[in-house]
K.L.:
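The structure follows.
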Amino acid sequence: MDYNHLEPSLGGLKLIGVRNFKPKHIFECGQCFRWDMVKEGRYLGIVRGKVLEVSEEGSDITLHNITEEEFRDIFEYYFDLEREYGLIKDELSKDPLLKESVEFGHGIRILNQEPFETLISFIISANNGIPRIKAAVAKISEQWGTPISYNGSTYYAFPSPEQLSKASEADLRGIGIGFRAKYVHRTVRAVYEAECLERESLSRKLSDDEALSLEQSLDRIASLPHKLCHNALQCFEGVGPKVADCIMLFSMGKQEAFPVDVWVKKAMSFFYKAPEMSLPKTREFGQEKFGSLSGFAQQYLFYNARENKVKVE
DNA sequence: TACCAGGAAACAC
DNA sequence: GTGTTTCATGGT
């Protein structure tokens, strides 16, 4: 546990004695696309159809617009609060090259996000920039998601597979995601079909083809062990090794994943002097070095490299 | 204008 | 299996 106890606070909950929780680090380390800073130390996000705010006052953190029941059911896990990041940071800091990055991003926590939203968001992330990914995810939510009113404004939940299945490829292209529109469209269909078959399988026997489609059920994929999960995710259009690693790490609780993008590749070159290493080799190198803590190490490295614009001649 | 952004697919070998 | 090329889009 990375907090001592809860205290009711005007329309929310205060986390007393919370450790390793810095909103700026958590929401700006590139793992999520639906959190925005409303003022210094205060962020607003949309999670599982709820609008939520997180604020930092000295050493306390307050979660706004949330009940204790919702915290126990959803958000304690969402914020990964059962985990003690102090232990992870101590272990990773034994590597003097990683210590600097751990200190720089000392308040990072890996969020446990929704698999479908994470899948679609990271398909859009391919060869794209974070501000533009956020804009695209926001537009998708506005067009196909369920509206939520909060403090006199309207926000939009990320659409369900059924809701997003109403979007044509041309509709998606209108969002401004270019060549990724085809991937998103086909992947949404595959997930939605698997979801429907999952329900139908309760009342009738499925054909062989249907049973094959059923394997693209996100619940089933999430329950697979690391290697199989990584392979299964890549059956979706637009999902390669890196995007699959992100989905596993950020929404399926697989912390041994090591997503290698341009920044992590730069960071690994910069800190570990591995200049001419290919992406798959860099991934293998990282997983071998960091083992079950690969995902955490990767996120400290990514945040440090990107914020400080690490350069490798 | 060329290059870059949390890469993947298609293709060559 | 490993190494190139192409794929939209908007910002430097």
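Letters A, B, ... mirror the listed sequences (proteins, then strands); counts begin at 1.
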K.L.:
Can you pull every protein N or O that's under 3.5 Å from an N or O on nucleotides 9-12 of chain C?
P.N.:
{"from": "dT9(C)", "atom 1": "O2", "to": "Arg132(A)", "atom 2": "NH1", "distance (Å)": "2.2"}

K.L.:
Expressed as a whole number of Å, how far does the P atom of dA8(C) sit from that of dA10(B)?
P.N.:
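Pairwise P distance, dA8(C) against dA10(B), rounds to 13 Å.
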
K.L.:
Please check if the distance between the ring centroids of Phe296(A) and Tyr85(A) is under 6.0 Å.
P.N.:
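Under 6.0 Å, so yes.
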
K.L.:
Could you state the CG-C1' distance from Leu279(A) to dA9(B), rounded to the nearest angstrom?
P.N.:
15 Å

K.L.:
Hey, can you tell me if Phe79(A) and Phe75(A) have their rings parallel, tilted or perpendicular (30° and 60° cut-offs)?
P.N.:
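Taking Phe75(A) first and then Phe79(A), their aromatic rings sit tilted (interplane angle of 30° to 60°).
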
K.L.:
Indicate the ring-plane relationship of Phe116(A) and Phe158(A), choosing parallel, tilted or perpendicular according to the 30° and 60° boundaries.
P.N.:
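Ring orientation of Phe116(A) relative to Phe158(A): perpendicular.
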
K.L.:
State, without any angle test, whether Ser93(A) and Asp90(A) hold a side-chain donor-acceptor pair at a distance under 3.5 Å.
P.N.:
no

K.L.:
Over 60° means perpendicular and under 30° means parallel, so classify the ring planes of Tyr43(A) and Phe27(A), tilted if in between.
P.N.:
tilted

K.L.:
Rounding to an integer number of angstrom, what distance separates dT6(C) and dA2(B) when you compare their P atoms?
P.N.:
15 Å

K.L.:
Counting any heavy atom closer than 4.0 Å, what does Pro241(A) reach on the DNA or RNA strands: base, sugar-phosphate only, or nothing?
P.N.:
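Sugar-phosphate contact only - Pro241(A) comes under 4.0 Å of backbone atoms but never of a base.
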
K.L.:
Scan Gln31(A) against the nucleic acid and name what it touches under 4.0 Å (heavy atoms): base, sugar-phosphate only, or nothing.
P.N.:
base

K.L.:
Specify the separation, in whole Å, of atom OH of Tyr183(A) and atom C1' of dA8(C).
P.N.:
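Distance, rounded to whole Å: 11 Å.
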
K.L.:
Tell me whether Trp263(A) is stacked on the nucleobase of dG6(B), counting only the six-membered base ring and applying the 5.5 Å and 30° thresholds.
P.N.:
no

K.L.:
Quickly work out the Ile123(A) CD1 to dA8(B) P distance and round it to whole Å.
P.N.:
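Those two atoms, CD1 and P, are 10 Å apart.
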
K.L.:
The side chain of Lys266(A) is closest to which nucleotide in this list: dG7(B), dG6(B), dA5(B)?
P.N.:
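For the Lys266(A) side chain, the nearest candidate turns out to be dA5(B).
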
K.L.:
What nucleic acid atoms does Val260(A) come within less than 4.0 Å of, heavy atoms only: base, sugar-phosphate, or nothing?
P.N.:
nothing

K.L.:
In whole Å, what is the span from the CD1 atom of Ile108(A) to the P atom of dG6(B)?
P.N.:
15 Å

K.L.:
Tell me which nucleotide among dA8(B), dG3(C), dA5(B) gets nearest to the side chain of Lys242(A).
P.N.:
dA8(B)

K.L.:
Main chain of Gln31(A), side chain of Gln113(A): is a donor-acceptor contact present, judged purely on distance under 3.5 Å?
P.N.:
yes

K.L.:
Rounded to the nearest Å, what distance is computed from the CD1 atom of residue Ile130(A) to the C1' atom of nucleotide dG6(B)?
P.N.:
6 Å

K.L.:
Measure from NZ on Lys281(A) to C1' on dT2(C) and round the result to the nearest Å.
P.N.:
9 Å

K.L.:
Could you work out the separation of dG11(C) and dT1(B) based on their C1' atoms and round it to a whole Å?
P.N.:
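It comes out at 14 Å once rounded to the nearest Å.
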
K.L.:
Is any side-chain N of the basic residue among Glu68(A) and Arg72(A) closer than 4.0 Å to the acidic one's carboxylate O?
P.N.:
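Yes, Glu68(A) and Arg72(A) are salt-bridged.
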
K.L.:
With rounding to the closest Å, how many angstrom separate the P atoms on dC3(B) and dT5(C)?
P.N.:
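Each nucleotide's P atom is 13 Å from the other's.
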
K.L.:
Just checking, any donor-acceptor pair under 3.5 angstrom between side chains of Asn20(A) and Arg83(A)?
P.N.:
no

K.L.:
NA contact type, Gly30(A), heavy-atom cut-off 4.0 Å: base, sugar-phosphate, or nothing?
P.N.:
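Touches a base.
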
K.L.:
Between dT4(C) and dG6(B), how far apart are the P atoms? Round to whole Å, please.
P.N.:
24 Å

